[in-house]
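Only heavy atoms go into these numbers, but all of them, side chains included; no hydrogens, no water, no symmetry mates. Start at 1 with the first residue, then count along the sequence.
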Amino acid sequence: AINPDSNTLELSAPSLPALRLPLNPQTTDLGAQYKVRVWYDDVYGRCCGEAAQKWLTAFVGKPTRLLYKDSNETRLVSRYLPDDPTCLLPPQSGFADVFPFHITTEPSLAHVNQHVPLPLTHQHFRPNIVLAAEGASPYDKETWKRMEFEAPDERTWSMFVTSRTPRCTMPNVDLSTGEMRTDGEPMKSLRKFRCSDPGKPTYAKK
């Protein structure tokens, strides 16, 4: 879990002592560089230290390292690029499939739940931005090109909305047990009404 008060990542498991790591480690705190393959891209990360390596290895049962995206390396996004000419800087990413943000809305989830045999939550689809979008129609976000944000201190920033999200089979995982459902739901139902590409249901936006 992320602790925003201490700006740390906290790892916990029933059989292990809790481990707290900085969310933004200093370069001097990072270890060796490793190359990671993420779909079609090679991404470089730095090891987050021996304590994290030992903790994860004990939990997983196999040699495991925690990597932090190497700030000296660049991973340019080559797919689903925004077509808005005001996006002057080439989009970059880290260890995400393509983009770091995954957007959805409450009306979209409500509509999906009308067409699947089991109730779903946002956790099934793993977005990191959920908008109330009161009064909006389901999937209105698929027409969006750019989002504008304003913080309470009047800082503003923009976010480009680039593509729909082809779904993997993760929504079929029972969140209470971690086991894959054997009936193929909800993906089987999603394919009946939410396919943008053959065999690839969509739900949210990136």
Side-chain angles (χ1 to χ4, degrees), residues 1-5 7 9 23 38-39 75-178 180-181 183-206:
I2 292 176
N3 187 327
D5 296 326
N7 200 34
L9 172 67
L23 275 181
V38 181
W39 293 106
R75 180 193 176 195
L76 295 177
V77 174
S78 58
R79 295 175 290 159
Y80 310 117
L81 296 178
D83 55 10
D84 193 314
T86 61
C87 183
L88 302 179
L89 298 176
Q92 300 184 28
S93 187
F95 294 121
D97 282 358
V98 181
F99 293 103
F101 297 107
H102 188 203
I103 306 163
T104 190
T105 66
E106 295 289 357
S108 295
L109 180 65
H111 184 266
V112 165
N113 274 327
Q114 294 173 12
H115 294 83
V116 295
L118 66 158
L120 300 174
T121 67
H122 289 300
Q123 282 76 15
H124 285 90
F125 298 98
R126 298 171 296 133
N128 47 17
I129 297 178
V130 178
L131 303 176
E134 296 180 3
S137 299
Y139 320 116
D140 269 1
K141 57 187 179 295
E142 294 185 356
T143 65
W144 299 349
K145 297 296 183 184
R146 191 165 73 175
M147 298 167 58
E148 301 287 340
F149 294 88
E150 182 174 348
D153 59 4
E154 298 186 353
R155 290 179 299 146
T156 61
W157 66 94
S158 299
M159 180 181 295
F160 289 90
V161 184
T162 64
S163 71
R164 289 183 288 192
T165 306
R167 296 305 327 174
C168 62
T169 58
M170 283 299 292
N172 286 16
V173 174
D174 186 324
L175 299 182
S176 62
T177 64
M180 186 72 70
R181 292 178 59 90
D183 60 3
E185 294 292 353
M187 296 296 286
K188 183 165 65 175
S189 295
L190 281 169
R191 287 191 177 96
K192 297 176 180 178
F193 71 100
R194 285 301 300 159
C195 275
S196 62
D197 299 312
K200 291 185 177 181
T202 61
Y203 170 67
K205 290 285 284 186
K206 291 182 177 180

Determine the minimum heavy-atom distance between Lys141 and Val161, stating which atoms define it.
O-CG1, 4.1 Å

Going by the rule side-chain contact (heavy atoms from CB on, under 4.5 Å), which residues pair with Gln114 if we only count those two or more places apart in sequence or in a different chain?
His111

With Leu23 via side-chain contact (heavy atoms from CB on, under 4.5 Å) - residues at least two apart:
Ile2, Asn7, Leu9

Set of residues satisfying salt bridge (charged side-chain N to carboxylate O under 4.0 Å, His left out) with respect to Asp5, sequence neighbours excluded:
none

Strictly distance-based, threshold 3.5 Å: is any side-chain N or O of Ser108 a donor or acceptor partner for the main-chain N or O of Tyr139?
yes

Would you check if Thr165 and Ile103 make a side-chain contact, meaning some heavy-atom pair closer than 4.5 Å?
no

Asn172 side chain vs Met187 backbone, donor-acceptor pair below 3.5 Å:
yes

When rounded to the nearest 0.5 Å, the distance separating CZ of Arg194 from NE2 of His115 is 10.5 Å

Which heavy atom in Asn128 sits nearest to a heavy atom in His102, and how many Å separate them?
OD1-N, 2.7 Å

Given side chains that start at C-beta, do those of Leu131 and Met147 come closer than 4.5 Å, heavy atoms only?
yes

Taking the side chain as every heavy atom from C-beta outward, state whether Met159 and Phe101 have any pair of such atoms under 4.5 Å apart.
yes

Ignoring hydrogens, what is the shortest heavy-atom contact between Phe125 and Val112? Give both atom names and the distance.
CZ-CG1, 4.4 Å

Could I get the full list of salt bridge (charged side-chain N to carboxylate O under 4.0 Å, His left out) partners for Arg126, not counting sequence neighbours?
none

Output the distance between atom CD1 (Ile129) and atom OG1 (Thr104), rounded to the nearest 0.5 Å.
11.0 Å

Nearest non-hydrogen partners of Val116 and Leu120, listed with the distance:
CG2-CD1, 4.0 Å

How close do Val173 and His124 get, heavy atom to heavy atom, and via which atoms?
O-CD2, 4.0 Å

Just jot down the side-chain hydrogen bond (donor to acceptor under 3.5 Å, both in side chains) partners of Glu106, sequence neighbours excluded, or say none.
His122

Are more than 12 heavy atoms from other residues, nucleotides or ligands located less than 6.0 Å from atom CD of Glu134?
no

Nearest-0.5 Å distance that lies between atom CE in Met170 and atom CE in Met180:
7.0 Å

In terms of heavy-atom contacts, Ala151 and Trp157 come closest through CB-CZ3, 3.9 Å

Tell me, please, which residues at least two apart from Thr177 pass side-chain contact (heavy atoms from CB on, under 4.5 Å).
Asp174, Glu179

Phe95 ring centre to Arg75 NZ or CZ under 6.0 Å, with the angle to the axis within 45°?
no

Glu148: which residues meet the salt bridge (charged side-chain N to carboxylate O under 4.0 Å, His left out) condition with it, sequence neighbours left out?
Arg146

Is there a side-chain contact between Trp39 and Asp97 in this structure, where contact means two heavy atoms from C-beta onward sitting under 4.5 Å apart?
yes

Name all residues meeting the side-chain contact (heavy atoms from CB on, under 4.5 Å) criterion together with Pro117; count only those two or more places apart in sequence or in a different chain, and write none if there are none.
Glu185, Ser189

